Amino acid sequence: MSSEPRAPSSSTPPDRKRIVFTDDGPALVDGPIDLVTADGTVLHCDRFQVALCLCRRSATYPLCDTSHRRRHRREPGSTDR
């Protein structure tokens, strides 16, 4: 955080967005949002809620396509393979 004073803004501040982290799935973001990827591509997401992939298995990464459901995590201490 910067302690420098900011110039007063003449525009209205943007509405706050909510991000919900789920136990075994995506991060859910209240939309609509503009999502900027690492390569600078801008995705305009107009849905009321956008699911962001956290497992990196999605074919539509960074958006979730529910690929996380096809693979179950092993319980800690489990010897099953």
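We number each residue from 1, following the sequence as shown. Bear in mind that the values here come from a model prediction, so they are computed numbers and not experimental data.
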- Message: Please give me the minimum heavy-atom distance between Gly31 and Lys17, naming the atom from each residue.
- Response: O-NZ, 3.6 Å

- Item | Polar side-chain atom of Thr66 near backbone of Arg69 as donor-acceptor pair, under 3.5 Å | no

- With sequence neighbours excluded, tell me which residues meet side chain to side chain contact (heavy atoms under 4.5 Å, CB included) with Phe21. Ile19, Ala27, Leu54

- Residues His68 and Arg57: closest non-hydrogen pair is CA-NH1, 3.7 Å

- Message: Once rounded to the nearest 0.5 Å, what's the spacing between atom OG of Ser67 and atom CZ of Arg56?
- Response: 13.5 Å

- Non-neighbouring partners of Thr37 that pass side chain to side chain contact (heavy atoms under 4.5 Å, CB included), sequence neighbours left out: Asp39, Thr41, Leu43, Pro62

- Item | Minimum heavy-atom distance Ile33-Asp30, with the two atoms named | CG2-O, 3.5 Å

- Does Leu35 belong to the same Ile/Leu/Val/Met/Phe/Trp/Tyr cluster as Tyr61, with side-chain heavy atoms less than 4.5 Å apart forming each link? no

- Quick one: do Leu28 and Leu63 end up in the same hydrophobic cluster if we chain Ile, Leu, Val, Met, Phe, Trp and Tyr together by side-chain heavy atoms under 4.5 Å apart? no

- What residue pairs, at least two apart or across chains, pass side-chain hydrogen bond (donor to acceptor under 3.5 Å, both in side chains) with a residue in residues 43-55? Asp34-His44

